[in-house]
Amino acid sequence: MGSREKILQAIKQNKPAAVPLPQVPSFSRMTDDPLNTFVETLTSIGGHVVVNDFSQLKNFLVQQKKDGLQVINGVEELADYNIFAYKTYKAIDLESVDTVVIKGKIAVAENGSIWVTDSSISNRVLPFICERLIIVIDEANIVATMHEAYEKIKIDEEGYGVFIAGPSKTADIEQSLVIGAHGPLSLQVYIV
Amino acid sequence: MNRVVEHSEEAAAFLKDEKRAAWHDETLWFVRAKRDKAAHKVADWEELRETASQIKDHTLSNLDEYLIQFEKKAKENGIIVHWASDGNEHNQIVYDILTKNNVKHVVKSKSMLTEECQLNHFLHYKGMAVVDTDLGEYIVQLRHEQPSHIVLPAIHLKKEDVSKTFHEHLHTEKDNIDPTYLTRAARKVLREKFITADAAITGVNFAIAETGGFVICTNEGNADLGAHANKIHIACMGIEKIIPKAEHLGVFLRLLARSATGQPITTYSSHFHRPKEGQQMHIVLVDNGRTRQLGREEFRNSLKCIRCAACFNTCPVYRRSGGHSYHNSVAGPIGAILAPNLDMKANADLPFASTLCGSCTNVCPVKINIHEQLWSWRQILMKEGYGGFAKKSAMKTMAAVLSNSGLYRLSGKMGRRFMGWFPALINNKLNPWSKQRDMPAPPKQSFNEWYKNNRKNG
Ligand code: SF4
């Protein structure tokens, strides 16, 4: 008997009598103002949020390029929409990328996270290998809780999806918070 | 029986450095306080815990069917599924995948399962280089140590230790103890490893039966960098990590990070369902004693654990004895329940390394009755003839851990907090912590005197 069968049989033998699956209750939304709660929460975990000022982002990107920094952009409404050119690039060829701009699908007020997927990031390594990550999100797509988020998302619709909540961080050295661990050193979110 | 005494011996060694032990105690209590704050912010926290607990109870009662469903869906998604009865088979499976693909360099993100199976050792003997990429794990790997905490692997170390280790291995400036400087140095070295490795090994936090995918939670982004930068991704998971449906992720992700560190969610909650183009994605489903634990009625629901470590942070014994004293890959109260299932004799001391104060049970996000299970293990271990020695060993721990006057001077607030729980203890032969006549004389002050004094102060 192979391990698969051995394991399954042992479970059958040892598992308790059937326990019913509970309904997930409708939990409190915890906020009447998802936009403000989202901004507050994301700011408290190290993100930088700009509401309703798309021109600020445009100017920022112009300056980045002037400074000779590599920008990869996945937002159609901005100049140089080039993210899909990098779809098959290897990590080793993306090491010098400074800024990546992508579109978020759903933002969650209770924890400041934003759901992004394969179709908006083009290459899975991009949101992790860049120094600066910028996510643009539509105000209408801010939900209150994770329960609401999962109602809107089909997690297996695409091969990969991730909730991103702030810049990468660690506190592994004496519990001192350091922003910028292996992933981006900063996260800016533009709500439009 | 020589390992049986380890918890008390290691705990005593840990406590020798009074200042460091007090720091450990206070820092973990601070993490526990952050957890409380985060939990109190969530209006339906208790209902959330209850729902999580019931989902897990249900899942365990139907685990075989959910694993079959998961396997089928995962295969449809293009993921290659493997089954391993024990740690050795798991290691062999991983090794075979690596050699078949000519892999030389592997990056690994945090996975307590691979620690449990001692995968690093196994691969090392076979001549394969594995780099742990979680910063805390990287630090302990460089020092040839084990993680001492499942969420904060290097919590037993001070920044001076890290500085020394990095100076030695990464040639950072001597005596530069700035955490940002040290973190950036590791980032630079590990970046190189990520992009030049051939394969990535990760753990799994949740696997979803309904969709055949899995979720990994990290703050550093190391699991993602590894998995996305490499052409082979091997995810290793214990069979108890299954949850039935995607909507259940809402429940568990709301609980996990809040319970672990007090964050509302980890920075990354990554959902993997299909490999990227040209990539191999493997998942190894591991038993290693879990089906046996499923059959032990009184310990079954230890399999509900989501490895948040809240029970570690709140435990007065863990905080004062350090993770290494548990001589098991998972330390703390939950480790003390899981370890005797793996090796009753070698781990007989662990269920006695507790005051049974019940604080662990109160904070557990999936409502595992941790302290009751520790109690049950004691009864079984006594019956099996392992108890006497272990009990003695535990009392030695207590003498050191709970009566160290220096520690209490440095953490008076916590001492008082502990005393708040203490009266709940029952005077019984299975709780040596509360029994005076069995007690070795603790340093400076008898336990009873100490108890009386502290009770007055509390
Ligand atoms: S037993 Fe409960 S509190 Fe302890 S690590 Fe597991 S889930 Fe967390």
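Here the structure is a predicted model, which means the values were calculated and not measured.
Between the OG atom of A:Ser168 and the OH atom of B:Tyr268 there is a distance of 4.5 Å, given to the nearest 0.5 Å. Note that OG of A:Ser3 and CG of B:Leu285 are 11.0 Å apart. Values are rounded to the nearest 0.5 Å. Taking CZ from A:Phe27 and CH2 from B:Trp45, the interatomic distance works out to 11.0 Å, rounded to the nearest 0.5 Å. How far CG of A:Leu21 is from NE2 of B:His248: 4.5 Å, rounded to the nearest 0.5 Å. Rounding to the nearest 0.5 Å places NE2 of A:His182 at 6.0 Å from CG of B:Leu135. Here the straight-line distance linking atom CD of A:Gln175 with atom NE2 of B:His24 works out to 10.0 Å at 0.5 Å rounding.
Between A:Arg4 and B:Ile68, some side-chain heavy-atom pair lies under the 4.5 Å cut-off. You'll find the side chain of A:Arg124 reaches within 4.5 Å of the side chain of B:Gln279, heavy atoms only. Inter-residue side-chain proximity for A:Pro25 and B:Glu47 is flagged as met; some heavy-atom pair is nearer than 4.5 Å. Within the 4.5 Å cutoff, the side chain of B:His228 has heavy atoms near those of the A:Tyr160 side chain. With a 4.5 Å cut-off on side-chain heavy atoms, B:Thr267 and A:Leu187 do not count as touching. At least one side-chain heavy atom of A:Lys15 sits less than 4.5 Å from a side-chain heavy atom of B:Asp64. Using a 4.5 Å heavy-atom cutoff, the side chains of B:Glu160 and A:Glu174 are in contact.
Minimum heavy-atom separation, B:Thr291 to A:Ile7: CG2-O, 3.9 Å. Nearest approach of B:Pro179 to A:Ile173, heavy atoms of both residues: O-CD1, 4.0 Å. In plain terms, the two heavy atoms of A:Val19 and B:Ser61 that are nearest each other are N-OG, 3.0 Å. Here the shortest heavy-atom pairing between A:Gly180 and B:Thr183 reads O-CG2, 3.9 Å. Of all non-hydrogen atoms in A:Asp172 and B:Val151, the two that sit nearest each other are OD1-O, 4.5 Å.
Contact of A:Ile129 with chain B is made through backbone and side chain together, with heavy-atom distances under 4.5 Å. Of the atoms belonging to A:Glu157, it is backbone heavy atoms, and not side-chain ones, that fall under 4.5 Å from chain B. With a threshold of 4.5 angstrom between heavy atoms, A:Leu94 does not approach chain B through any atom at all. Proximity to chain A (any heavy atom under 4.5 Å) is shown, for B:Val251, by both the backbone and the side chain. Only the backbone of A:Pro167 has a heavy atom closer than 4.5 Å to any heavy atom of chain B. Looking at A:Pro16, both its backbone and its side chain come within 4.5 Å of chain B, counting heavy atoms on both sides. Neither the backbone nor the side chain of B:Glu50 comes within contact range of chain A; no heavy atoms are under 4.5 Å apart. If you measure heavy-atom distances from B:Thr266 to chain A, the contacts under 4.5 Å come from the backbone alone. Of the atoms belonging to A:Ser28, heavy atoms from both backbone and side chain fall under 4.5 Å from chain B. Contact annotation for B:Leu63: both backbone and side-chain heavy atoms come within less than 4.5 Å of a heavy atom of chain A. Looking at A:Thr41, only its side chain comes within 4.5 Å of chain B, counting heavy atoms on both sides. Interface remark: B:Glu76 contributes no atoms to any contact with chain A (heavy atom separation under 4.5 Å). Proximity to chain A involves both the backbone and the side chain of B:Leu249, based on heavy atoms less than 4.5 angstrom apart. Using a 4.5 Å cut-off between heavy atoms, A:Ala17 touches chain B through its backbone atoms (N, CA, C, O) alone. Using a 4.5 Å cut-off between heavy atoms, B:Ile208 touches chain A through its side chain atoms alone. Both the backbone and the side chain of B:Leu294 come within contact range of chain A, each with at least one heavy atom under 4.5 Å from a heavy atom of that chain. Proximity to chain A is absent for every atom of B:Tyr138, based on heavy atoms less than 4.5 angstrom apart. Contact of B:Pro275 with chain A is made through the backbone alone, with heavy-atom distances under 4.5 Å. Only the backbone of B:Ala84 comes within less than 4.5 Å of a heavy atom in chain A; its side chain stays farther off. Proximity to chain A (any heavy atom under 4.5 Å) is restricted, for B:Glu71, to the side chain, taken from C-beta onward. Both the backbone and the side chain of A:Phe128 come within less than 4.5 Å of a heavy atom of chain B.
The candidate with the highest count of non-hydrogen atom pairs below 4.5 Å against chain B, out of A:Gly161, A:Ala91, A:Ala171, is A:Gly161. The choice from B:Lys245, B:Lys231, B:Lys159, B:Arg292 that makes the most heavy-atom pairs within less than 4.5 Å of chain A is B:Lys159. Comparing B:Gly136, B:Ser85, B:Ala257 by heavy-atom pairs within less than 4.5 Å of chain A, the highest count is held by B:Ser85. Heavy-atom pairs under 4.5 Å with chain B were tallied for A:Pro127, A:Ala10, A:Pro20, A:Gly2; the largest tally goes to A:Pro20. Counting heavy-atom pairs under 4.5 Å between each of B:His82, B:Arg184, B:Glu89, B:Glu192 and chain A puts B:Arg184 at the top. Interface remark: of the candidates B:Asp161, B:Asn222, B:Leu67, B:Asn222 forms the most heavy-atom pairs closer than 4.5 Å to chain A. For the options A:Lys6, A:Glu95, A:His147, A:Glu158, heavy-atom pairs under 4.5 Å to chain B are most numerous at A:His147. The most heavy-atom pairs under 4.5 Å with chain B, out of A:Asn123, A:Ile155, A:Ile164, come from A:Ile155. For the options B:Arg191, B:Gln293, B:Lys188, B:Glu137, heavy-atom pairs under 4.5 Å to chain A are most numerous at B:Arg191. Options B:Leu60, B:Thr261, B:Ile195 differ in how many heavy-atom pairs under 4.5 Å they form with chain A, and the most are formed by B:Ile195.
Chain B is approached within less than 4.5 Å, heavy atom to heavy atom, by no residue from residues 56-86 of chain A.
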Acceptor/donor pairs from residues 209-218 of chain B side chains to any protein atom, 3.5 angstrom cut, sequence neighbours excluded:
| residue | atom | partner | partner atom | Å |
| --- | --- | --- | --- | --- |
| B:Glu210 | OE1 | B:Ala246 | N | 2.9 |
| B:Thr211 | OG1 | B:His273 | NE2 | 2.7 |
| B:Thr218 | OG1 | B:Gly221 | N | 3.2 |

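Classification of B:Arg187 and A:Glu131 as a salt-bridged pair holds, one side-chain N sitting under 4.0 Å from a carboxylate O. Ion pair B:Arg258/A:Glu110 flagged as a salt bridge, since at least one NZ, NE, NH1 or NH2 atom sits closer than 4.0 Å to an Asp/Glu carboxylate oxygen.
Side chains of B:Glu277 and A:Thr88: no donor on one and acceptor on the other come within 3.5 Å.
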task: Quick one: do B:Asp44 and A:Met30 satisfy side-chain contact (heavy atoms from CB on, under 4.5 Å)? Show the steps, please.
output: CA-CA 9 Å; B:Asp44 311 307; A:Met30 307 212 304; 5.9 Å; no
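In the displayed structure, B:Lys73 atom NZ is contacted under 6.0 Å by at most 12 heavy atoms of other residues, nucleotides or ligands.
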